[in-house]
Each structure stands twice: as structure tokens, then as C-alpha cells.
Undergrad: 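Okay, here's the structure, questions in a sec.
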Amino acid sequence: MKDISVVLWNGETTKVNAQSTFNEILKEINPQLAQKALAVKANGFKKDLYDVPQEGDKIEAITFDSEEGKEIFFHSTSHLMAQAVQELYPGTKLAIGPAIAEGFYYDFDTEHTFTPDDFPAIEGKMKELAKKDLPFQRKVVKKEEAVRLFESKGEIYKVELLNEITDEEVSLYLQGDFIDLCRGPHLPSTKKIKAFKLLSVAGAYWRGNEKNKMLQRIYGTSFNSQEALTQYLDMLEEAKRRDHRKIGKELDLFSFHDEGIGFPFFHHKGMIIRNLLENFWREEHRKQGYQEIKTPIILNKALWIQSGHWDHYKENMYFTKIDDQDFAIKPMNCPGGILVYKNKLHSYKEFPMRVAELGLVHRHELSGVLNGLFRVRSFTQDDAHIYMMPNQIKQEVQNLIEFEGFFYRTFGFDFHIELSTKPENAMGSDEIWEKATSSLKDALDEKKLSYKINEGDGAFYGPKIDFHLKDCLGRSWQCGTIQLDFLMPELFDLYYINQLGEKDRPVMLHRTILGSLERFIGILIEQFAGLLPTWIAPVQVRLLPIADRHISYGKDLEKTLNDQGIRVELDENNDKIGAKIRNAELQKIPYMLIFGDKEIDDNLVRVRKQGKGDLGPSTVDSFIQKIHLEIKNKTLP
RNA sequence: GCCAGCGUAGCUCAGAUGGUAGAGCAACUGAUUUGUAAUCAGUGGGUCGGGGGUUCGAUUCCCUUCGCUGGCUCCA
């Protein structure tokens, strides 16, 4: 009675009973896989394991190992959580509960105010429900019927969602007494959910609109084994341990004060990092033929009206008055840079003309989004504006991609690229947008770089390429950007003299590499957990005398190293060597030089490397040589 | 900005159903002179984020304000 044929994942065709579920088919063909399967893909459509195939379906099992599998797993866990919440807090209304990148959430509307203290009870209930081995049952009903059902249950949010669905039929998912509007698919049973944890509670506007009611969102994550969950939770702990706000305080790098919220204060050691980063940046830009300028922080309102910021960016700007005239604190560097361009007549021979500026900008960000050095209200962009002819775009963009990559590799970051295209409210003709976008695309394609396209996500004046750094914990940070701009040259009537001696309109390119110096420093701190590469470490060497009588030898060493341009500190505390080592380790100082009677007699030091331990004795000269090489090569720890 | 939680010594944190606070580390002083992640002892240090209210009395309860943390993007 095997009456239909299906195509398996390995390409084989096989006959199956038309009534067999996907689950049964999998079990028959590959019991091990059936054990792991969470759902299936039939002809590319995701289906429940309890579903049945159609003639000719191409079947593929979905497991937790794939993104799709995780999504289904997370989504089912969110249903499980919602069930638990409704059982514990009857009358709770459900909004939405999707899977997200590393877990799930569900938005609830209830009188009860959730706090993390409620999590153990909810988790307990979830465990209990999971153990019951409740199947996730799909039920397809007429939309009207679903509306009536959810109206009777007072699920106003579900009704609102239903009213926006145009299909005649919708699917519901049931597990036990719990019922939810859901497209599916889901796990076969709650029992598959082996390990989960609720992580945080937060407010979230219904449909993300601040005019709507604020709901309570509970975030969580789940895994198909306890070990995987533990591993994930360890990763979160590790991220906490690396938090740049914590390390910045411990290592005395920077601070924040009530007297200027969102405005970071850089301490001496933080300034060392900053200055080294700037020096490196300047040197590399010089090699690439950049000029450097510095434009004022406060500029007349008229400039900002001309640039369009007054209309488009006012909400984010700070203002002030000078001699009764209105001024703005710059939120971007371009208008000031353009004034420099206009200060003099330019020839095509200067193009591409690369003008860099480490520009301090101020932006009024909502208080709730501020976050350490990552999101501040004043920061230094490593900006540059490149003026050129349209036919120079591709080459220049390729140069830039290379240049950006060089910076990121120096710090050991992986990165990926995204390309954003014309948005709804774009300025300029389709033709010029097409040309601009394809220039960027060509530049990327020719370099055989893969990139993700964000349709409609470009700036209103041009398409852009964004660089997203990936740190050692797999988190990604947007840093660099390359934006093509046809608008500003127009608005400011920029021109150059072309080969024919005529006035012509240049194309402008805005770009950053590090993005914001402050933010980049924050990212570096987290990437290296405070243990920065020796070349950029605030203190490179700490000298640790065994006993007080060795301090004078230490003072000589200090002078020697200092004269060699090495950032060095002498520990004169009356501590045992173990304590001195501990302090230096905690301060993340790359090298410790230890010396007592034995070393002094032979004019040696014992080298200890942070995190690695004792490297044995060395002459001072040999140590200096090695550390100089490491600094020169910008060796990563 | 909105929701929730939090704010106690330089740092990390404890604490009292309302009777004006405590530990560890750090700092300082002294002893010790130390050999690869914390030597011992002593001392000083706080308007318990700010303001207001209730009270005989508030750091504790209430209101308000400021700040910090997580989130408010992933659309059944």
C-alpha cells in the first residue's frame, strides 16, 4: 500500500504510504535522524513532523544544528513559557512570542509585574509541562472561528493580529489546554525541550510603537541539551566578565559622571590607548595620501540649514548662542569639511582628494540608550571625506575596503560587509542611484567579497557599505562605513575644474574605519578582556623587586626601559612577590620583570608574561629587543 | 523618552518589621625583607544618590528628582 513517492534528502526516491507522517517516514528510513528531527522541510516548506507528505515532495529533516531548527525550537519554547505564565497568572493576555537569534521572548499584558524573582516559578512550571510530553497540535480553522475563539478568551492582541491577516484560514497550535495563533511549525512535543532558562524581563511597546501600550517581555533561551545551555550561559558570563565598563573602571581607563551624562572622561591610561590608536591611524592615513584637517565644534545655524541637518537631524543636535546668534554643536563633520573644500579652487588633478578628520561630534541620544563607551553623546569619528570624479568611485572604494580590512586585521577582528541600497525617501535620480549602487557592487564583486544586501537601508543621499566586526565571542559591531554622497556637493555647490577647464560637480564619499574612537576602544577592551596587545597597552612592563633592597636596581631598570620608549612602572610596595604578581596580573600588564639577589648579581631579570607565567631569566637588552619587536609588529596576545 | 530593577566607604557587597550602619579589598601607619596570583597588626574613611513628606525619630515607609542596568529592531 505504498502509494506515493517522495524524494529524500540524499536524492533517492522512495515509495511511502500516503497516510504516513513525516515522523514515521523518518523513523523507517533513518531512526537516528528521526530522533534528532524537530520538523521537516517538504519542497522547501517547513512542516510539522505529524504532517503527511504529498506526491513527489522533497523531504529534508530539520534538526537543532541548523538555524531553522533552532528557530523552531526557540519558538516552541516561547509557547511553553506562555503556557506556564498563563497557568501561573490566569488572565494574562498574549501578544507575540517569536524566536530571536539566540533564544526567544514572549510579550505579555498582565496586572502582575514580572521580576526575575518570578523566573524560578515559571521555569518550574515549564519543566512540569515539558515532562508531560504534550504534543504541539496544529489545527487549521476559518479566520472568523479563530477570531471568535480569541475574543471569547479576551485575547485582544491575537484578535488584532487576526484582523490583519487576509487569509481565509489560519493555523492554531495547541499543547494541553494552551492555544495560540501560530504559523508553525513546532516541535512534535514539549518533551523535546530539554534545557531552557529565562534571562530577563523588559518593557516593550505593543508592535514596537511607542504610542501603544507597554507590555512585559520575558526573554529566554533553550537548547536540546543541558550541556549546550550551560555552555551558552558560560558565554554570557564571559561577556559580563569582559564588559568594558567594568574593566575601564578596574584599569582606571575612563569614567562617567553625573555632571555630564553620556560624555566620557578619559583618564591617563585611557588616553595612552587613545593616543596610540590615533598615532597609528594618522601614520596609516599619511601613507595612503590623506590630508588631515580639524574643523570647529560650534558652527553657525545657517550652515546646518544649508546642509539639511536643521530639517533632518535637529532632534539629535545641541544648540547654543554666541552674540545673540544661533549656533549648533556639530553632530557630523561633513559641513565643516566642505567649508574647507570650498576655501580654494580645486582641480581634477587633486582627485581623489582624501581629507581626514578626527572630529569630535555631539549627538543628543535618548537617555535610555546610553551604554558605556558604546553609546555616548559625544564621540570622535575617524572621519574622512573623499572628493573625486564619478569614474573614480570603484577604484577608491576598493582601496578603502582594503584599507579598512587592514585596520581590523591588525586587531584580530573578522568582519563581514553589508550593502545598503536606495531608501524610500531618497534624493537624486534613479539613474544616479543605479550608477552609484552598481559602482559599490562592482567594487565588492571584483574583490570577490561576499556581502549581505539591505534593501532600502541606505542614507538618503546615497548607498553605503557597512563593516561589521566580529569579536572573539561572536558578537558583531558595526564600525566602518563607506557612503556615497551626491547630495552635499549639490547643496553646497561644490565644483572642481575638469580636464577641459570647465566647472564640474565632484562626487563625495564619507567614510569611517574605527567608527568612533571611544566605541572602538570599548570594543578592543572586550575583545581582549582588558589584556591589550603590548603595543597599545597603557603599561607594558611592571618591575617587581623581590625585596626592598632590590628597589634601587629597579629604579635603574625603570630608567633604562623608559629611555627605550617602553611604558614601565616600578612596584615599590612592601608586598611579597606573590602579591606583586597578582596585582600586575589583575592590571593586565603584559610583562612583569622580577629580580632579586640572583638576577642582580648577573645583571639579569626574570620575565613573566601576563596569563602565561614565568618565561625564565633574560638579559635586559634581550628583553628590550624582544618587546620592541613585539611592539613594532603589533603582535596580538 | 517609555517599562522594570537598582543606587550604602575609593572598589565589591552585607544590613536593620523605623531607634542616625558593617565586612573584605584598597588607602594610611607599623612590623616583616619576602622567589612567581593575596604576610601580619593597627588607623582613618559614610550627610546610606539629591530634595520633600509621614513620624518623637527616616538610610529604612511614601512622593519626587537625578543617575545606573536590562530592554523597547527580529512582527502569529
Side-chain angles (χ1 to χ4, degrees), chain A residues 71 74-75 78-79 82 94-107 113-118 143 146 150 155 157-165 167 170-173 179-184 186 199-219 240 243 245-246 249-250 252 255-262 315 364-372 544-551 573-587 592-599 606-617:
Chain A
E71 191 187 328
F74 293 152
H75 191 183
S78 92
H79 277 218
L94 306 175
I96 56 167
I100 50 175
E102 293 180 335
F104 60 88
Y105 66 78
Y106 215 116
D107 286 348
T113 302
F114 290 115
T115 73
D117 295 339
D118 298 323
K143 195 178 109 178
F150 286 113
E155 293 283 11
Y157 300 100
K158 297 296 174 188
V159 173
E160 189 178 328
L161 291 169
L162 274 165
N163 285 335
E164 282 170 25
I165 294 176
D167 301 342
V170 297
S171 59
L172 306 178
Y173 273 82
I179 187 159
D180 198 358
L181 171 69
C182 185
R183 197 176 281 145
H186 274 283
L199 296 172
S200 63
V201 55
Y205 300 108
W206 167 234
R207 321 208 99 179
N209 186 333
E210 61 185 2
K211 293 195 176 67
N212 291 339
K213 180 164 185 183
M214 182 154 287
L215 308 172
Q216 296 186 69
R217 174 173 297 180
I218 300 180
Y219 283 91
K240 225 187 254 176
D243 192 317
R245 293 168 299 195
K246 181 170 165 280
K249 200 186 268 182
E250 287 166 356
D252 196 14
S255 58
F256 288 91
H257 302 271
D258 289 358
E259 289 79 358
I261 61 161
E315 297 302 302
H364 183 76
E365 302 286 351
L366 291 180
S367 64
V369 306
L370 300 176
N371 175 309
L544 309 183
I546 294 288
D548 284 358
R549 65 176 177 280
H550 309 123
I551 287 179
N573 287 303
N574 185 0
D575 280 324
K576 286 196 181 175
I577 195 65
K580 290 180 185 174
I581 287 168
R582 181 181 150 81
N583 291 333
E585 291 274 350
L586 291 175
Q587 283 294 303
M592 287 151 261
L593 297 184
I594 300 167
F595 41 90
D597 296 336
K598 283 185 265 175
E599 288 74 22
R606 268 190 104 83
V607 182
R608 185 185 161 101
K609 185 150 194 188
Q610 207 277 359
K612 300 246 162 52
D614 192 0
L615 300 185

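Here is the naming used below: chain letters follow the sequence lines, and residue numbers restart at 1 for every chain.
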Undergrad: Which of these nucleotides, B:G71, B:U33, B:A37, is closest to any side-chain atom of A:R582?
TA: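 The closest nucleotide is B:A37.
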Undergrad: Give me the distance, rounded to whole Å, that separates B:G50 from B:U59 when you measure between the P atoms they each carry.
TA: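 Each nucleotide's P atom is 9 Å from the other's.
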Undergrad: Taking pairing as Watson-Crick or G-U wobble with both contacts under 3.5 Å, can you name the mate of B:C6, or confirm there isn't one?
TA: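 Here B:C6 is engaged in a pair, and the nucleotide opposite it is B:G67.
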Undergrad: Expressed in whole Å, how much space separates the P atoms belonging to B:G35 and B:G49?
TA: 45 Å
Undergrad: What are the atom names and distances for every N/O pair under 3.5 Å that joins the protein to nucleotides 12-14 of chain B?
TA:
residue, atom, partner, partner atom, Å
B:U12, OP1, A:K249, NZ, 3.4

Undergrad: Considering only B:G1, B:A76, B:U36, which nucleotide approaches the side chain of A:D614 most closely?
TA: B:U36
Undergrad: Given side chain to side chain contact (heavy atoms under 4.5 Å, CB included), test A:L172 with A:F150 step by step and report yes or no.
TA: CA-CA 11 Å; A:L172 306 178; A:F150 286 113; 3.7 Å; yes
Undergrad: Check the distance between B:A76's P and A:Y173's OH and give it to me in whole angstrom.
TA: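 Nearest whole value for this atom pair: 13 Å.
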Undergrad: Please give the distance between the P atoms of B:G46 and B:C2 as a whole number of Å.
TA: 36 Å
Undergrad: Does any nucleotide pair with B:A38 by Watson-Crick or G-U wobble geometry, both distances under 3.5 Å, and what is it?
TA: none
Undergrad: Holding to side-chain hydrogen bond (donor to acceptor under 3.5 Å, both in side chains), I want the full list of residues that pass it with A:R549, two or more places apart in sequence or in another chain.
TA: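 A:R549 satisfies side-chain hydrogen bond (donor to acceptor under 3.5 Å, both in side chains) with A:D597 only.
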Undergrad: To the nearest Å, how far apart are A:K158 NZ and B:A76 C1'?
TA: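 Going from NZ in A:K158 over to C1' in B:A76 covers 5 Å.
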Undergrad: Protein-nucleotides 59-68 of chain B N/O pairs closer than 3.5 Å?
TA:
residue, atom, partner, partner atom, Å
B:G67, O2', A:D258, OD1, 3.3

Undergrad: If we only count heavy atoms from C-beta on, is the A:Q610 to A:E585 side-chain gap below 4.5 Å?
TA: yes
Undergrad: I need the CG-P distance between A:L199 and B:G71, as an integer number of Å.
TA: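 In whole Å, B:G71 P and A:L199 CG are 11 Å from each other.
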Undergrad: In whole Å, what is the span from the CD1 atom of A:I179 to the P atom of B:A76?
TA: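 Whole-Å distance recorded here is 17 Å.
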Undergrad: Taking only the C1' atom of each, what is the distance from B:C48 to B:C61 in whole angstrom?
TA: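 Between the two C1' atoms, the distance is 15 Å.
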Undergrad: Under a 3.5 Å cut-off for both contacts, is B:U55 paired Watson-Crick or G-U wobble with anything, and if yes, with which nucleotide?
TA: none
Undergrad: Determine the interatomic distance between C1' on B:U20 and the same-named atom on B:U60; round to the nearest Å.
TA: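 Rounded to whole Å, the distance is 11 Å.
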Undergrad: Does OP1 or OP2 of B:G1 have a side-chain N or O of A:Y205 closer than 4.0 Å?
TA: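 Negative; the distance criterion is not met.
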Undergrad: State the pairing partner of B:A76; accept Watson-Crick or G-U wobble contacts with both distances under 3.5 Å, and report none otherwise.
TA: none
Undergrad: Which nucleotide sits closest to the side chain of A:I96: B:A76, B:G35, B:A37?
TA: B:A76
Undergrad: Here's a test of your reading of the structure: between A:I581 and A:R217, which maps to the more 5' nucleotide of RNA chain B?
TA: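 Closest to the 5' end, via its nearest nucleotide, is A:I581.
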Undergrad: Need the pair for B:U12. Rule: Watson-Crick or G-U wobble, both distances under 3.5 Å, any strand; none if unpaired.
TA: B:A23
Undergrad: Can you check the distance between B:A58 and B:A21, where both ends of the measurement are the C1' atom (answer in whole Å)?
TA: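 Roughly 13 Å separates the two C1' atoms.
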Undergrad: Given atom CD1 of A:I165 and atom P of B:C75, what is their separation to the nearest angstrom?
TA: 14 Å
Undergrad: From B:U33, B:A37, B:G1, pick the nucleotide closest to the side chain of A:V369?
TA: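 Ranking B:U33, B:A37, B:G1 by closest atom to the A:V369 side chain puts B:G1 first.
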Undergrad: Within the pair A:Y105 and B:G71, is there a side-chain N or O less than 4.0 Å away from OP1 or OP2?
TA: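 Answer is no, no contact under 4.0 Å.
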Undergrad: Who is the Watson-Crick or G-U wobble partner of B:G18, with both distances under 3.5 Å?
TA: none
Undergrad: Sticking with atom C1', work out how far B:C6 lies from B:U43, rounded to a whole angstrom.
TA: 33 Å
Undergrad: Using the C1' atom as the point on both nucleotides, what is the distance between B:G10 and B:U17, in whole Å?
TA: 33 Å
Undergrad: Does a distance-only test, which skips hydrogens and angles, find a donor-acceptor pair under 3.5 Å between the side chain of A:R549 and the base of B:U33?
TA: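 Result: no qualifying N/O pair found.
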Undergrad: Taking the nucleotide of RNA chain B with the nearest heavy atom to each, does A:L215 or A:G596 sit closer to the 5' end?
TA: A:L215
